[in-house]
Amino acid sequence: MIELLYLASAVAFIVGLKRLGSPKTARSGNRIAAVGMAVALVVALVDADIFNWTTVVAGLVVGTIIGVWGALRVQMTAMPQMVAVFNGLGGIASALVAAVAVLESDLSALPAQTTLTILLSTLIGAVTFTGSFVAFAKLQGLIGGNPIIFRGQQVLNASLLVVAIGAGVLVMADGNPDVYWVLGAVALIIGVMTVIPIGGADMPVVISLLNSFSGLAAASAGFVFENNALIIGGALVGAAGLILTIQMTRAMNRSLANVLFSGFGGGDAITGSGEMSTKPVKRATAEDAAIALGYADSVMVVPGYGLAVAQAQHATRKLATALEERGITVHYAIHPVAGRMPGHMNVLLAEADVPYEQLLDLEQADPQLPQTDVVLILGANDVVNPSARDDSSSPIYGMPIFNVDRAGTVIVVKRSLSPGFAGIDNPLFYNDNTLMYFADAKDALEQTLVALRDV
Amino acid sequence: MIELLYLASAVAFIVGLKRLGSPKTARSGNRIAAVGMAVALVVALVDADIFNWTTVVAGLVVGTIIGVWGALRVQMTAMPQMVAVFNGLGGIASALVAAVAVLESDLSALPAQTTLTILLSTLIGAVTFTGSFVAFAKLQGLIGGNPIIFRGQQVLNASLLVVAIGAGVLVMADGNPDVYWVLGAVALIIGVMTVIPIGGADMPVVISLLNSFSGLAAASAGFVFENNALIIGGALVGAAGLILTIQMTRAMNRSLANVLFSGFGGGDAITGSGEMSTKPVKRATAEDAAIALGYADSVMVVPGYGLAVAQAQHATRKLATALEERGITVHYAIHPVAGRMPGHMNVLLAEADVPYEQLLDLEQADPQLPQTDVVLILGANDVVNPSARDDSSSPIYGMPIFNVDRAGTVIVVKRSLSPGFAGIDNPLFYNDNTLMYFADAKDALEQTLVALRDV
Amino acid sequence: MSVLIVGITVFVLAAFVGFEVISKVPPTLHTPLMSGANAISGITVIAAVTAAGLGSTAVAEVLGFLAVVTATVNVVGGFLVTDRMLQMFRRPGAKDASKDPGAR
Amino acid sequence: MSVLIVGITVFVLAAFVGFEVISKVPPTLHTPLMSGANAISGITVIAAVTAAGLGSTAVAEVLGFLAVVTATVNVVGGFLVTDRMLQMFRRPGAKDASKDPGAR
Ligand SMILES: NC(=O)c1ccc[n+]([C@@H]2O[C@H](COP(=O)([O-])OP(=O)(O)OC[C@H]3O[C@@H](n4cnc5c(N)ncnc54)[C@H](OP(=O)(O)O)[C@@H]3O)[C@@H](O)[C@H]2O)c1
Ligand SMILES: NC(=O)c1ccc[n+]([C@@H]2O[C@H](COP(=O)([O-])OP(=O)(O)OC[C@H]3O[C@@H](n4cnc5c(N)ncnc54)[C@H](OP(=O)(O)O)[C@@H]3O)[C@@H](O)[C@H]2O)c1
């Protein structure tokens with residue numbers, strides 16, 4: 001019976017995952033999976049012979065409170081970070097479980113396979129933990145988004161790995177618990193070391209990969225406790241997470257290896273900022289923007305991460321409406337990786353009730369640009385950076401972009417010349433047909449709206 | 001170890017199935033699955049403690065000989081029948097296995113679940129057996145393709161089912177072996193009764209469904225012998241077969257229920273043949289055909305089952321080449337269900353090295369027909385039957401067809417006015433712009449080729 | 001955990017794999033795929049050899065023998081005939097088929 | 001059949017399901033899907049409660065407690081945050097997303 005209920009929850013996970021893959025069913029899918037989880041948990045509480053209930057219940061309560069609190073107060077723009085945190089906690093949970101198993105049992109007495117799986121869930125769990133939190137820190141801006149690379153890094157990582165494996169072998173050999181803790185510690189360090197050299201812009205990919213890891217950690221914990229629900233759930237996430245990761249890298253047209261080992265996604269910020277201030281740009285005021293927009297026939301709005309930061313979606317909608325009342329056609333060019341999470345822009349603009357027909361994706365919008373009079377770039381940078389097209393030495397070279405420089409006039413609204421997430425300079429800003437309007441996107445839009453009245 | 005090898009072969013099945021789903025990998029997929037099977041069989045021979053080796057080896061040898069012989073001598077056009085036979089044999093094998101288990105063990109002593117799975121694999125296996133052979137007989141033309149429907153059929157089938165279930169319950173209750181044999185016998189009858197009311201044209205769908213059944217039978221046998229390789233393999237085929245069946249019915253745009261219970265696919269042959277000879281048709285000779293074709297600018301060839309019967313693919317190619325030398329553009333309109341198995345026409349024409357670019361599928365060819373001068377129909381009937389479009393009472397109503405009647409001239413090459421697989425009359429033949437050239441497709445083409453010289 | 005439960009778990013998972021593994025298949029491949037799957041269902045040959053192996057009575061032995069024969073025919077014939085079908089798809093055939101899903 | 005073997009079998013099958021179940025997902029759904037999958041990986045909470053339950057030494061009990069807390073955060077927070085994300089996809093958003101795969 002117990003087992004059948006576990007199986008049922010496993011099925012719920014499968015169905016949930018499948019439904020999560022398509023927009024219409026996604027939400028129900030998430031809920032189905034949640035129900036499956038609830039069932040599994042209840043079964044576990046009934047099945048496992050629990051001595052210290054207080055600990056368990058207390059843990060559940062505390063965890064629930066933290067989880068709910070975290071999930072509800074996080075802003076849309078901070079979601080990826082949040083997922084990173086949750087994922088890291090899941091990872092460490094598996095590691096801790098393994099640790100308890102070590103404390104409670106005599107390692108040298110355990111059958112080899114159990115020891116092995118204990119080591120695996122410790123290793124993978126710990127790596128997931130620290131790795132996820134580094135990813136969080138990078139996304140949150142607690143540490144710079146740029147790849148942190150230093151001399152002898154490879155060597156260090158290699159030796160760390162050797163130590164970890166060595167420790168593992170030792171534990172397998174003479175079940176010495178002390179060595180086990182060494183392994184755990186090293187694993188934590190490995191997690192940090194493998195993520196810091198990866199650029200902030202690639203963190204979502206990293207998180208997705210670590211997510212797959214936490215699945216594997218759970219599965220190994222399943223082997224330790226001989227629980228199929230764990231094995232199934234873990235294996236599911238392990239595999240699904242991997243596929244998803246690969247799909248993500250494809251969306252940024254990169255390979256997984258390239259993401260992990262190329263130190264891309266933070267670009268060469270130093271030289272970037274070096275050039276920046278030097279070259280001259282055409283500055284624009286609200287009035288300039290209003291005139292350019294007011295007398296255009298067609299306007300293409302390119303929203304980016306900055307729009308999210310400024311929470312300027314409603315202001316954008318207002319300005320667009322005003323322009324349309326003047327008989328100007330307005331469209332929005334939504335880049336697949338604009339913002340900080342896929343669909344970021346769709347979510348924001350949907351929130352402001354922007355008509356769905358006006359949202360164009362890469363394939364639709366780019367061809368229209370040459371016939372577009374004015375392109376209004378709101379806090380976007382990398383996704384309109386021509387060096388992805390022209391400069392084969394650029395770290396984002398090959399990433400599909402909006403070729404806005406082919407449009408009539410380009411108005412860029414951002415607060416400064418500072419780079420976007422890829423951390424690289426943007427030649428677009430120095431073009432003759434580019435006007436730089438330095439301001440917070442929201443303020444800029446509101447002032448332009450005012451100025452538009454007198455145009 | 002044993003188990004791991006079984007698992008490996010199960011994985012081979014999965015990979016094989018997946019690869020079978022895409023043209024480039026299909027062949028390798030089939031071979032991978034075959035290897036998996038070989039492994040599993042060897043493991044079984046090693047693992048199972050076999051008393052009478054002679055029986056086993058003899059069985060394997062005889063089976064192999066028959067299998068090879070059958071597979072090699074069957075013609076392309078008879079493949080579906082062959083699959084039906086193989087499938088039926090697989091089904092009965094599972095049933096026989098269950099029977100042996102009954103003979104060798106005391107039913108009343110067995111645990112309930114074992115008895116249940118024994119009954120299941122008997123029931124499903126036996127139904128698959130007779131059902132498949134009826135399908136074979138219909139495809140082979142041993143019995144008429146038309147649905148065999150008689151008064152009280154439903155009642156009979158219902159009562160048969162009741163008897164079967166009743167017998168099952170009895171066996172479960174007091175493990176009486178005699179009742180078990182009754183169940184087996186009834187199951188055999190059920191297989192016949194459920195398939196005879198289905199029209200010949202739908203047999204491939206039925207076979208596919210029975211294929212899914214034989215998978216389930218194997219899986220239940222797996223439960224009886226507590227063998228996971230069997231369970232996995234069986235469940236795989238059970239599920240995959242079901243999906244495939246549904247996809248097949250979609251290709252004929254029908255629902256599975258409609259296929260199974262509508263008595264479609266043989267149509268109302270009586271009234272069909274009733275009308276037939278009465279109405280007048282325009283007869284054509286080789287010369288007429290040659291003239292019509294020779295002075296056309298564009299010709300669309302619509303091959304059908306008759307082309308396969310006449311093995312006229314090479315003759316077709318020759319005529320097409322002759323026409324092209326006259327500067328006439330020739331295309332082939334390949335209907336998804338033309339012939340007797342999906343891809344039937346592609347296979348035939350590929351055999352005659354017809355240039356791939358000239359093969360158009362439904363979506364491509366149909367829009368071109370109104371601009372086509374001459375449509376040459378070679379042994380096709382149902383796929384060009386306008387009543388699928390016009391006559392909502394027609395059994396094939398709703399099936400997508402080539403609207404050849406919208407082309408300039410239609411030349412139909414077939415031996416008589418007799419109906420196609422759906423067993424219904426074809427209004428097309430009586431249209432004013434339709435020329436009926438009554439002959440074997442191959443002869444017709446060769447004579448037309450000769451006649452073409454003097455045009 | 002009882003063998004039955006294991007069996008059920010394995011069955012359910014395998015069924016899911018079966019459902020998912022068959023995505024949109026071009027009609028050209030329906031028959032070969034059916035035929036290949038059918039050959040796989042011949043896995044029952046494993047049970048057949050076991051059954052035939054333990055047959056003690058004459059009847060049981062005959063039935064076991066028949067089981068082995070039929071299952072073997074299914075396996076051998078099934079894979080062979082599938083291979084023959086697929087053999088017919090030269091590049092054009094294959095190309096065409098691979099185009100098919102896009103077309104529908 | 002040893003528990004280990006069963007585990008491996010189940011693992012392999014589940015992995016296949018995981019691979020197959022994620023077909024082409026529109027980029028708009030990458031983040032929610034990742035988040036949902038992450039919540040599922042919190043299944044380790046089952047092991048956590050078991051571990052916390054059998055903790056005899058103080059250390060073990062503390063670690064067990066932490067395991068339960070972290071796992072629960074992962075589960076509860078994960079599902080909640082996913083739901084919040086998906087909530088943002090009103091019809092337009094959804095429509096757009098469902099269109100996406102076609103576009104690429
Ligand atoms: N969508 C995804 O799934 C995803 C995931 C991971 C990484 N990424 C990466 O993130 C980047 C997205 O490109 P993007 O063009 O959308 O953003 P971006 O390249 O990161 O540029 C955002 C720009 O917005 C400006 N900005 C910030 N706050 C602002 C405010 N309040 N008002 C106005 N402007 C503001 C910033 O310039 P100032 O500071 O000068 O204002 C910054 O240059 C790409 O590199 C992509 O690869 C995307
Ligand atoms: N492709 C599949 O997967 C599949 C599977 C199952 C069922 N079906 C069904 O099969 C049918 C296929 O349609 P179809 O138009 O291809 O074939 P059809 O409707 O069955 O008609 C075939 C025609 O070919 C003629 N014919 C037979 N031998 C001939 C010869 N030697 N020379 C010239 N003509 C000959 C026959 O007329 P005469 O006897 O007068 O010559 C017959 O009317 C559809 O109903 C379809 O649903 C197809």
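We name chains A, B, ... by the order of the sequence lines, and we start the count at 1 in each one.
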>> Heavy-atom cut-off 4.5 Å, strictly under: side chain, backbone, both or neither for D:Val75 against chain A?
In response: side chain
> Does the pair A:Val83 and D:Met85 meet the rule for a side-chain contact (heavy atoms from CB on, under 4.5 Å), with working shown?
Replying inline: CA-CA 11 Å; A:Val83 176; D:Met85 287 185 205; 3.7 Å; yes
> Taking every heavy-atom pair that is under 4.5 Å apart, which of A:Gly125, A:Ala44, A:Ala235 has the most such pairs with chain D?
Replying inline: A:Ala235
> How far apart are the closest heavy atoms of D:Leu80 and A:Val68, and which atoms are they?
Replying inline: CD1-CA, 3.7 Å
> With respect to chain D, which residue among A:Ala10, A:Ala101, A:Ser94 yields the maximal number of heavy-atom pairs within a distance under 4.5 Å?
Replying inline: A:Ser94
>> Show the nearest heavy-atom pair for residues D:Gly64 and A:Val100, with the distance to one decimal.
In response: N-CG2, 3.7 Å
> Under a 4.5 Å heavy-atom cutoff, which of D:Thr50, D:Thr82, D:Val68, D:Asn38 has the most pairs with chain A?
Replying inline: D:Asn38
> When heavy-atom pairs shorter than 4.5 Å are enumerated against chain D, which of A:Leu41, A:Leu210, A:Leu17 gives the highest number?
Replying inline: A:Leu17
>> Report which part of A:Phe225 has an atom under 4.5 Å of a heavy atom belonging to chain D: side chain, backbone, both, or neither.
In response: side chain
> Side chain, backbone, both or neither: which part of A:Asn227 has an atom under 4.5 Å from a heavy atom of chain D?
Replying inline: side chain
> Does any heavy atom of chain D fall under 4.5 Å from the side chain of A:Leu362, the backbone, both, or neither of them?
Replying inline: neither
> In terms of heavy-atom pairs under 4.5 Å, which option from D:Val17, D:Thr57, D:Val62 contacts chain A the most?
Replying inline: D:Val17
>> With rounding to the nearest 0.5 angstrom, report the OG1 to CZ distance, A:Thr54 to D:Phe65.
In response: 10.0 Å
> Should A:Gln247 and D:Ile22 be marked as a side-chain contact (heavy atoms from CB on, under 4.5 Å) after you check the CA-CA gap, both sets of side-chain angles, and the distance that decides it?
Replying inline: CA-CA 10 Å; A:Gln247 283 196 29; D:Ile22 304 293; 3.9 Å; yes
>> Give me the atom names and distance for the closest heavy-atom approach of D:Gly53 to A:Asn52.
In response: O-OD1, 2.7 Å
>> If I measure from the heavy atoms of chain A, does D:Ala71 come under 4.5 Å with its side chain, its backbone, both, or neither?
In response: both
> Can you list the residues that meet the ring-ring contact (aromatic ring centres under 6.0 Å, His included) rule with A:Phe86, with sequence neighbours excluded?
Replying inline: none
> Is chain A contacted by the side chain of D:Ile8, its backbone, both, or neither, given a heavy-atom distance below 4.5 Å?
Replying inline: both
>> Measuring from atom OG1 of A:Thr245 to atom NE2 of D:His30, what distance do you get when rounded to the nearest 0.5 angstrom?
In response: 10.0 Å
Name each donor-acceptor pair under 3.5 Å that joins a side chain in residues 56-67 of chain A to protein atoms two or more places apart or in another chain, with its distance.
from    : atom 1 : to      : atom 2 : distance (Å)
A:Thr64 : OG1    : A:Leu60 : O      : 2.6

> Which atom pair, heavy atoms only, marks the closest approach of A:Ala221 to D:Ala47?
Replying inline: CB-CB, 4.4 Å
> Rounded to the nearest 0.5 Å, how far does CZ of D:Phe11 lie from CD1 of A:Ile231?
Replying inline: 8.5 Å
> Judged by atom type as modelled, is there a donor-acceptor pair below 3.5 Å linking the side chain of A:Asn30 to the main-chain atoms of D:Phe79?
Replying inline: yes
>> Any heavy-atom pair between the side chains of A:Tyr6 and D:Ile46 that's under 4.5 Å?
In response: yes
> Is a donor on one side and an acceptor on the other found under 3.5 Å between the side chain of A:Asn211 and the backbone of D:Met34?
Replying inline: yes
> Can you tell which of D:Val59, D:Ile40, D:Leu63 has the highest number of heavy-atom pairs within less than 4.5 Å of chain A?
Replying inline: D:Ile40
> chain D: which of A:Gly90, A:Ser9, A:Ala34 shares the most heavy-atom pairs with it under 4.5 Å?
Replying inline: A:Ala34
> Which heavy-atom pair separates D:Thr44 from A:Ala93 by the least distance, and what is that distance?
Replying inline: CG2-CB, 3.9 Å
>> If you compare all heavy atoms of A:Val237 against all heavy atoms of D:Ala37, which two are closest, and at what distance to 0.1 Å?
In response: CG2-O, 3.4 Å
> chain D heavy atoms under 4.5 Å from A:Ser22: which part of the residue, side chain, backbone, both or neither?
Replying inline: backbone
> With only heavy atoms counted, which part of A:Arg19 is less than 4.5 Å from chain D, the side chain, the backbone, both or neither?
Replying inline: neither
> To the nearest 0.5 Å, how far apart are NZ in A:Lys18 and CG in D:Leu33?
Replying inline: 11.5 Å
> Under the 3.5 angstrom rule, does the side chain of D:Arg84 hit a backbone N or O of A:Val74 as a donor-acceptor pair?
Replying inline: yes
> Which residue out of A:Gly36, A:Ser214, A:Gly215 racks up the most heavy-atom pairs below 4.5 Å with chain D?
Replying inline: A:Ser214
> Could you state the interatomic distance from CG (D:Asn74) to CD1 (A:Ile92), rounded to the nearest 0.5 Å?
Replying inline: 12.0 Å
> Under a 4.5 Å heavy-atom cutoff, which of A:Leu103, A:Val102, A:Leu244, A:Ile232 has the most pairs with chain D?
Replying inline: A:Leu244
